[in-house]
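Before any comments, here is the structure.
What you see below is based on every heavy atom in this structure, not just the backbone, and it leaves out hydrogens, waters and symmetry mates. By convention here, the first residue in the shown sequence is residue 1.
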Amino acid sequence: MLSDRTDPPPPDNPHAGGTIPKVVPPLPRKNQRARKLPWRTAFAWLSAGWSDLWTNPLPSLLYGVGLFAVSLLVVLALFQFRYEYALFPALAGFMVLGPLIANGLYEKSRRLEKDERIGLAGMFFVKPRSGYQALFMGVMLLGLFLLWLRAAVLIYALFFGMVPFPGTDELIPMLFLTPTGWALLLAGSVVGALFAAFAFAISVFAVPMLLTERTDALSAMGISMAMVWANLPVMLAWGAVVLILFLISIATAFIGLIVVFPVLGHATWHAYRAIRTEERQEGDSERMFIRPA
């Protein structure tokens, strides 16, 4: 039953006088993932990684020696089976798989924070808190690496046609002394940089997150990308540090990896600890997609 009251609306009624309330934008919310760290913080992470390396250095150095040996075997196998054309894409693809390979180094840095010692076996046989989701993460990064290899072959075919690879003796003059080679280097560098940047953003914090938090791989990758974007200046500086040290390692015929890779692995752990909120570390994390078993 409708009311017969004709009292005027109260003065605080936004519809008083028959007007539509004004639409205002929502109040700004603080970005919970932004730490506003200066770009120089990247060097502090590098220094912390150096310190972790020389605290019980033998396991970290052996880790680096193992990576050096595997890298050398991969390069030799490429030449042995005449897959030299995949050499440069494979070197660039190392940036895609690097964070995953460093899982044992993250574990050592985590143990050092708790004043615990860890040997080489403990670094190789790490049990992530997220369980099988870490394996799923590895499969996706491997798929991204294979996609990059295929993209590199297509780029070569676009510039030189469907012709056999000329061999390493002719490769350097072809790339650096011809206009077509310069164009290929430019296009390949741009595409490779996009692949590397994407892989870096989704994995740099996702792998440490899966080690310590109970979450799923897709959520970890999404959160990692959000953390990188929210702290872009310092993460750009850190990405530049990683790239420069990796290029130095290549210039030393991978020998530099023995020291460089452990330092970068330990330092990445400190980057994760600096940017990830305390209440999220060592506990249940956000889940965007699925609940791990």
Side-chain angles (χ1 to χ4, degrees), residues 35 37-54 60-61 63-68 70-71 74 88-110 137-138 141-142 144-145 148 188-211 220-221 223-276:
R35 296 290 168 268
L37 299 173
W39 65 269
R40 298 178 185 85
T41 307
F43 297 104
W45 297 339
L46 193 65
S47 177
W50 180 261
S51 178
D52 282 359
L53 168 63
W54 297 111
S60 295
L61 291 176
Y63 205 96
V65 169
L67 183 64
F68 161 71
V70 170
S71 301
V74 169
F88 288 107
L91 293 176
F94 185 86
M95 301 290 289
V96 176
L97 299 177
L100 184 68
I101 302 171
N103 209 27
L105 299 168
Y106 306 149
E107 177 66 8
K108 179 188 171 183
S109 291
R110 187 182 74 86
M137 173 82 182
L141 288 179
L142 182 59
L144 184 63
F145 173 64
W148 158 236
S189 298
V190 171
V191 176
L194 291 175
F195 271 92
F198 178 71
F200 176 79
I202 66 173
S203 64
V204 63
F205 296 129
V207 180
M209 200 180 305
L210 292 171
L211 176 65
M221 289 190 292
I223 295 168
S224 176
M225 182 174 286
M227 291 165 65
V228 169
W229 184 255
N231 301 274
L232 198 56
V234 68
M235 293 311 299
L236 286 174
W238 179 240
V241 168
V242 172
L243 178 60
I244 291 170
L245 291 180
F246 177 63
L247 293 177
I248 291 174
S249 299
I250 294 177
T252 60
F254 300 110
I255 296 174
L257 283 176
I258 298 173
V259 173
V260 166
F261 190 76
V263 170
L264 291 178
H266 292 311
T268 300
W269 171 260
H270 290 281
Y272 162 73
R273 294 288 280 175
I275 293 180
R276 187 69 167 151

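With Thr268 contributing its side chain and Leu264 its backbone, the two residues share a donor-acceptor pair below 3.5 Å. Side chain of Tyr106 to backbone of Pro99: a donor-acceptor contact under 3.5 angstrom is found.
At a threshold of 4.5 Å between non-hydrogen side-chain atoms, the residues Leu243 and Phe200 do not count as touching. The shortest side-chain heavy-atom distance between Tyr272 and Val207 does not fall under the 4.5 Å cut-off. Taking 4.5 Å as the limit, some side-chain heavy atom of Val259 sits within range of a side-chain heavy atom of Trp50. Looking only at side-chain heavy atoms (C-beta outward), Leu141 and Met137 come within less than 4.5 Å of each other.
Listed here is the closest heavy atom pair of Ser109 and Trp269: CB-CD1, 3.3 Å. Nearest heavy atom pair, residue Met225 against residue Ile202, reads CE-CG2, 3.3 Å. Across Leu61 and Trp54, no two heavy atoms sit closer than the pair CD1-CZ3, 4.0 Å. The two residues Gly138 and Leu100 have their closest heavy-atom pair at CA-CD2, 3.3 Å. Counting all heavy atoms, side chain and backbone alike, Pro38 lies closest to Val234 at O-CG2, 3.5 Å.
Scored by the side-chain contact (heavy atoms from CB on, under 4.5 Å) test, Ala48 finds His270 as partners (sequence neighbours excluded). Contacts of Phe254 classified as ring pair (Phe, Tyr, Trp, His ring centres under 6.0 Å), with partners at least two apart in sequence or in another chain: none. Annotation: side-chain contact (heavy atoms from CB on, under 4.5 Å) contacts of Ile248 (sequence neighbours excluded): Ile244, Leu245. By the side chain to side chain donor-acceptor pair (under 3.5 Å) test, Ser60 is found to be paired with Lys108, His266, residues two or more places apart in sequence or in another chain being considered. For Phe195, the side-chain contact (heavy atoms from CB on, under 4.5 Å) partners are Leu144, Leu147, Trp148, Ala151, Val191, not counting sequence neighbours. With sequence neighbours left out, the ring pair (Phe, Tyr, Trp, His ring centres under 6.0 Å) criterion links Phe205 to no other residue.
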Exercise for the section: For Thr41 and Arg35, run side chain to side chain contact (heavy atoms under 4.5 Å, CB included): C-alpha distance rounded to whole Å, both residues' side-chain angles, the deciding distance at 0.1 Å, then the answer. Expected result: CA-CA 11 Å; Thr41 307; Arg35 296 290 168 268; over 6 Å; no

Exercise for the section: Give the intermediate values and the outcome of side chain to side chain contact (heavy atoms under 4.5 Å, CB included) for residues Phe198 and Leu194. Expected result: CA-CA 6 Å; Phe198 178 71; Leu194 291 175; over 6 Å; no

Exercise for the section: Check the pair Met227 / Val204 against side chain to side chain contact (heavy atoms under 4.5 Å, CB included), numbers first and verdict last. Expected result: CA-CA 10 Å; Met227 291 165 65; Val204 63; over 6 Å; no

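Pairs passing the side chain to side chain donor-acceptor pair (under 3.5 Å) check and including a residue from residues 224-249, sequence neighbours excluded, do not occur. A salt bridge (Lys or Arg N to Asp or Glu O under 4.0 Å) check over residues 249-272, counting only residues at least two apart or in different chains, returns nothing.
Distance CG/Leu210 to CE/Met221: 8.5 Å, rounded to 0.5 Å.
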